[in-house]
Protein chains: 2
Amino acid sequence: MSRLEAGSHNEPMSYPTPVNRPATIADVARVAGVSVPTVSRVLTGAARVSEQRRRRVEAAIAELAYRPSAAAQVLASRHSKTIAIVAANTSRYGYAEAIRGVEESARAAGFVVIIVVVESERAEDVRAAADAVLRQSVAGVVVLKFDPPGVGALKALESVVPAVALSGIPEPGVPQAVLDESGAAAALTEHLLGLGHRTVHHVRIPPSGKEDGRTTGWRVALQRHGSPIPPIEDVSWEITTAYEVGVRLARDPAVTAIFCGNDETAMGVIRGIHDTGLRVPADISVAGFDDHPLASMFIPALTTARQDFAELGRHGTAQLLALLNGESPLALETLEPPIAIRESTAPPSGRRR
Amino acid sequence: MSRLEAGSHNEPMSYPTPVNRPATIADVARVAGVSVPTVSRVLTGAARVSEQRRRRVEAAIAELAYRPSAAAQVLASRHSKTIAIVAANTSRYGYAEAIRGVEESARAAGFVVIIVVVESERAEDVRAAADAVLRQSVAGVVVLKFDPPGVGALKALESVVPAVALSGIPEPGVPQAVLDESGAAAALTEHLLGLGHRTVHHVRIPPSGKEDGRTTGWRVALQRHGSPIPPIEDVSWEITTAYEVGVRLARDPAVTAIFCGNDETAMGVIRGIHDTGLRVPADISVAGFDDHPLASMFIPALTTARQDFAELGRHGTAQLLALLNGESPLALETLEPPIAIRESTAPPSGRRR
DNA sequence: GATGTCGATGATAGCGCTTTCAGGCAACTG
DNA sequence: CAGTTGCCTGAAAGCGCTATCATCGACATC
């Protein structure tokens with residue numbers, strides 16, 4: 001540590017070099033007895049350095065516990081090793097899992113992740129998020145395009161910074177990884193229809209745009225079967241709204257099968273049905289979506305579509321990294337969620353119609 | 001935009017100023033007809049600028065869609081506006097909620113959040129996380145000290161960078177926000193004992209250290225009542241392990257009440273009990289912990305302790321911000337989780353002993 | 001009228017790095 | 001042995017900002 005003071009001869013003598021100032025590249029160079037650029041070269045591998053000097057530099061780095069400043073590196077090299085995740089939410093199941101997937105892949109590739117929340121789809125919130133991203137000089141962005149704020153953020157960023165979207169609906173444009181929700185939603189609806197239900201009601205979670213893949217798949221399957229299309233029940237992310245919808249639907253004798261936008265909603269709906277005295281699936285069948293970790297523990301275990309959000313995040317990140325490498329990645333990568341038939345769906349009882 | 005080229009007279013004429021290069025402070029200064037430091041002054045508010053110039057600068061900023069580079073600001077000012085969240089996991093319920101709380105408060109205070117995952121408690125993983133944090137020149141860190149990796153990361157960082165811990169056990173040392181788990185765990189255990197159970201079994205989730213607050217509270221309550229202390233059942237984060245423990249405990253006729261380390265585990269345990277043909281709470285009572293959003297929707301609804309992780313995150317962040325402001329915050333801030341008695345606990349049936 | 005005082009401004013010097021660029025040296029040519 | 005090569009190396013410049021300092025009027029003071 002005293003060696004850190006070696007270069008301080010022309011500093012005011014009043015106080016010595018602060019002992020805890022983190023070491024800089026100049027400190028390393030001094031200790032190793034080489035020039036600053038040489039240290040930089042061993043750091044970045046930009047050019048060859050003689051074995052002997054490399055060793056001295058590495059020793060000095062270890063001795064000083066030196067860590068290059070990311071900020072300085074970005075400034076000088078104009079290359080950033082951070083990527084931003086832009087999302088409207090960070091803690092709900094699908095979101096959190098997707099973020100986990102992105103973080104894992106990013107870290108594995110030596111990137112650091114910043115997380116930028118878009119509060120709403122209002123222009124000012126979208127702008128605030130975009131500003132935050134752009135000020136950070138990130139290498140690229142992964143946008144969770146699961147909802148209107150996500151859509152807005154993507155629009156604001158796609159032309160300014162390398163971006164990939166994670167989404168539930170394939171769409172031309174930006175590179176994206178998509179979990180094909182509409183196919184799985186249709187399969188689930190058809191499963192219910194195949195059980196003998198005359199139609200399937202739908203409880204919709206806040207959609208990403210005009211209509212999301214889950215709702216579309218449901219509608220398409222009903223149309224294909226010539227089944228009537230009942231009015232959609234909307235819920236918020238607040239699970240009690242699902243509970244209330246469950247209570248309401250249970251009171252309508254025409255309801256025998258319900259397809260819910262996600263598993264949490266399905267659990268709320270089932271609980272609502274349960275509290276009216278009806279049974280799932282004996283009286284009413286309920287299907288969820290996502291295969292939440294608790295879906296198979298719920299009583300009854302949920303019939304649902306298996307969505308691997310973490311995998312989605314990993315794929316998206318891989319695409320972004322490819323993009324940054326100049327490889328032009330497939331603009332679209334689709335994962336097909338398989339469906340899991342469990343206990344919450346069964347043939348209609350006949351007691352209802 | 002042509003004004004951007006005003007300063008490029010001595011550049012090679014071969015190609016014009018790249019049109020999409022983001023504007024720098026120098027561009028703003030040129031367009032506004034002021035010096036660079038003046039622009040900096042209106043940006044940071046570090047000194048007064050005449051009304052007239054301030055307007056011109058603001059107009060130029062808007063015209064050029066200028067956003068100061070965070071990296072350059074950090075480098076020049078030695079003050080960072082980013083804080084790091086260090087955590088072993090980002091997507092499990094308590095973790096995700098705590099992260100959400102931190103992010104919200106940080107954003108409200110104008111900070112950007114980077115997320116650093118400590119893979120395990122192994123020295124190399126801890127070091128990797130600490131390195132990542134330190135290279136980013138963050139203003140401070142919030143460490144989720146919920147598990148051994150978190151404990152390790154905190155140890156590695158606390159003396160190097162302003163840090164606060166989020167935890168379940170009050171501990172002297174670093175400033176921290178704590179959810180007093182042991183009190184709530186004891187209350188839950190006492191609730192079960194009060195119902196007439198001879199003792200309470202415990203299913204432990206991966207603990208943060210030797211023993212976490214949930215386990216301690218349980219043990220203390222049993223001791224206080226002079227109840228026998230049954231061997232602890234351990235589960236991993238994988239919910240199927242909880243299921244298996246449920247099956248196993250159901251087969252032991254001595255088991256009439258179970259206190260689980262968290263709600264997900266409780267649901268797995270209940271499902272396991274259910275699949276052996278026994279009923280909760282009729283045959284066995286089960287209590288969870290956390291008040292997961294699904295806890296009240298589960299059938300039976302879970303008796304549990306209400307933990308507000310997001311609030312914990314907000315408190316921790318507030319402490320960190322105070323610390324950064326030089327105000328020395330309370331080194332310890334404790335939130336008391338109240339308990340919620342619901343359907344999954346009841347008096348013993350007498351059919352078991 | 002000479003002298004301070006003060007607020008607003010710009011010139012200048014870095015922050016900690018990477019990136020030219022030119023030099024030095026050894027190993028090859030012919 | 002002069003004339004290339006080619007590889008390492010350090011000097012110097014500069015990334016986009018902020019901090020420090022000197023300057024310059026305008027105004028107040030004696």
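Everything numeric here is computed off the predicted structure, so don't read it as measured data. Sequence lines set the chain letters: A, B, ... in the order given, protein chains first and strands last, and positions in each chain run from 1. FYI, side chains are in, hydrogens and waters are out, and symmetry mates aren't considered; it's all heavy atoms of this structure.
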Check residues 143-156 of chain A and write down every donor-acceptor pair under 3.5 Å in which the side-chain atom is one partner and the other belongs to a residue at least two apart or another chain.
{"unit_1": "A:K145", "atom_1": "NZ", "unit_2": "A:E171", "atom_2": "OE1", "d": "2.3"}
{"unit_1": "A:D147", "atom_1": "OD1", "unit_2": "A:G150", "atom_2": "N", "d": "3.0"}
{"unit_1": "A:D147", "atom_1": "OD2", "unit_2": "A:Y95", "atom_2": "OH", "d": "2.5"}

* First and last nucleotide of DNA chain D touching chain A, 5' to 3', heavy-atom cut-off 4.0 Å? -> D:dC8 to D:dG16
* So do A:Q73 and A:H79 actually touch side chain to side chain, heavy atoms under 4.5 Å? -> no
* Could you tell me whether the side chain of B:V141 reaches within less than 4.5 Å of the side chain of B:V164, counting heavy atoms only? => no
* Side-chain touch B:V117/B:T90, heavy atoms, less than 4.5 angstrom -> yes
* **Non-hydrogen side-chain atoms of B:V86 and B:V118 separated by less than 4.5 Å** => yes
* Asked: Where along nucleotides 13-19 of chain C does protein come under 4.0 Å, by heavy atom, of base (B) or sugar-phosphate alone (S), with - for untouched nucleotides?
  -> -BBBBBB
* **Difference in axis direction between the ends of the helix from C:dG1-D:dC30 to C:dG30-D:dC1, five pairs, 10°** => 50°
Output a table of donor-acceptor pairs, distance under 3.5 Å, between side-chain atoms of residues 101-114 of chain B and any protein atom two or more places apart or on a different chain; print 'none' if there are none.
{"unit_1": "B:E103", "atom_1": "OE1", "unit_2": "B:R107", "atom_2": "NH2", "d": "2.9"}
{"unit_1": "B:E103", "atom_1": "OE2", "unit_2": "B:R107", "atom_2": "NE", "d": "2.7"}
{"unit_1": "B:E104", "atom_1": "OE1", "unit_2": "B:R314", "atom_2": "NE", "d": "3.4"}
{"unit_1": "B:E104", "atom_1": "OE2", "unit_2": "B:R100", "atom_2": "NH1", "d": "2.9"}
{"unit_1": "B:S105", "atom_1": "OG", "unit_2": "B:G101", "atom_2": "O", "d": "3.2"}
{"unit_1": "B:R107", "atom_1": "NH1", "unit_2": "A:E119", "atom_2": "OE1", "d": "2.8"}
{"unit_1": "B:R107", "atom_1": "NH2", "unit_2": "A:E119", "atom_2": "OE1", "d": "3.2"}

* Asked: Taking atom CZ of A:R41 and atom CZ of A:R53, what is their separation to the nearest 0.5 Å?
  -> 10.0 Å
* Min side-chain heavy-atom separation B:P162-B:L320 under 4.5 Å -> yes
* To do: Compare all side-chain heavy atoms of A:D131 with those of A:R127 and state whether any distance is below 4.5 angstrom.
  => yes
* Do A:H315 and A:E311 meet the criterion of a side-chain donor-acceptor pair at a distance under 3.5 Å? -> yes
* **Selection: residues 52-62 of chain B, any non-hydrogen atom under 4.0 Å of DNA chain C** => B:R53
* Side chain to side chain, B:R21 and B:D27, heavy atoms closer than 4.5 Å -> yes
* Structure fact -> Note: A:I99 and A:I85 closest approach over all heavy atoms is CG2-CD1, 3.9 Å
